[in-house]
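Keep in mind that the numbers below use all heavy atoms, side chains included, and drop hydrogens, waters and symmetry copies. As the structure lists them, so they are numbered: ligands from 1, and atoms in each ligand from 1.
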Amino acid sequence: MTSPRSFRASLLLIVLAAAAVPRAVYGNSEGDALSALRRSLSDPDNVLQSWDPNLVNPCTWFHITCNRDGHVTRVDLGNQNLSGNLVPELGNLEHLQYLELYKNNIQGTIPPELGNLKSLISLDLYNNKLSGTIPPSLGKLKSLVFLRLNNNRLSGRIPRELSEIPTLKVVDFSNNSLCGPIPITGSFEHIPLESFEKNPRLEGPELMGLASYDTNCD
Ligand SMILES: *[C@@H]1O[C@H](CO)[C@@H](O)[C@H](O)[C@H]1NC(C)=O
Ligand SMILES: *[C@@H]1O[C@H](CO)[C@@H](O)[C@H](O)[C@H]1NC(C)=O
């Protein structure tokens with residue numbers, strides 16, 4: 001038989017254990033997303049050393065900026081000698097405005113989940129070794145102003161969805177392996193042709209409407 005006293009003690013233990021659960025189970029989803037990125041990157045200069053997953057939120061980590069509500073608004077990791085891959089979890093940073101990962105050696109593909117970053121203003125992935133296609137889901141970024149993917153190894157077409165982002169002002173796709181027609185409608189109307197140069201298989205707007213498209217683009 002359990003004595004009332006040990007029963008009370010075990011009840012107390014259960015209550016204490018239950019109180020400890022939320023932190024362990026739910027954690028901080030933005031911290032978890034950034035920790036997933038850290039695990040996927042190689043960081044020879046230890047610039048991610050302060051990224052301690054045991055803290056309540058990632059707002060005190062170096063290269064991270066949060067707003068007053070404790071949500072991550074900036075990731076500033078340009079020119080930090082990082083290699084490795086991007087991760088789909090980045091799409092969980094729903095308050096992110098600036099994703100700055102330029103001038104590293106990041107390889108692999110651009111996760112389509114980046115299209116979920118509905119607050120994003122700037123996507124700067126230039127000067128890396130990214131390959132694969134540009135996800136059409138990036139067309140969902142309705143706050144995007146800067147889209148710089150130049151100096152990578154991206155292939156395939158420029159998704160038409162991107163020209164439907166009304167806020168887009170600065171675009172650079174130069175020095176990749178993109179193919180097919182250059183969109184010239186919508187927000188692409190005022191993008192200079194230099195932003196598309198050094199993609200030998202891209203077709204200039206002067207060819208639009210002619211039957212000479214590279215049909216083997218995909
Ligand atoms: C970048 O990392 C490599 C090791 O992967 C190292 O040899 C090199 O010195 C680093 N470059 C800079 C600029 O820190
Ligand atoms: C093109 O991009 C690659 C990869 O970032 C870089 O190494 C190369 O210098 C660039 N070439 C030009 C002409 O800009």
Under 4.0 Å from a heavy atom of Lys198: which atoms of ligand 2 are those, numbered in the order shown and with their elements?
13 (C)
For ligand 2, which atoms, with element, lie under 4.0 Å from some heavy atom of Asn151?
1 (C), 2 (O), 4 (C), 5 (O), 14 (O)
Measure the distances from the heavy atoms of Asn128 to every atom of ligand 2 and state whether one is below 4.0 angstrom.
yes
Residue pair Phe196 / Ile191: nearest heavy atoms and the distance that separates them
CE1-CG2, 3.7 Å
Which heavy-atom pair separates Ser35 from Trp61 by the least distance, and what is that distance?
OG-CH2, 3.7 Å
Distance dump, ligand 1 polar atoms to protein, N/O, under 3.5 Å:
unit_1, atom_1, unit_2, atom_2, d
ligand 1, 2 (O), Asn81, ND2, 2.3
ligand 1, 11 (N), Asn81, ND2, 2.8
ligand 1, 14 (O), Asp45, OD1, 3.4
ligand 1, 14 (O), Asp45, OD2, 2.8
ligand 1, 14 (O), Asn81, ND2, 3.3

Give a yes or no on whether the backbone of Ile165 and the side-chain of Ser187 come within a donor-acceptor separation of less than 3.5 Å.
yes
Without swapping roles, check the side chain of Asn46 against the backbone of Gln49 for a donor-acceptor pair under 3.5 Å.
no
Any carboxylate oxygen within less than 4.0 angstrom of a Lys/Arg side-chain nitrogen, looking at Asp124 and Arg148?
yes
Do other residues, nucleotides or ligands put more than 12 heavy atoms under 6.0 Å from the NZ atom of Lys103?
no
Between the side chains of Ser122 and Glu100, is a donor N or O closer than 3.5 angstrom to an acceptor N or O?
yes
Examine the side chains of Asn175 and Asn151 and answer whether a donor and an acceptor come within less than 3.5 Å of each other.
yes
Is the shortest N/O to N/O distance between Asn175 and ligand 2 below 3.5 Å?
yes
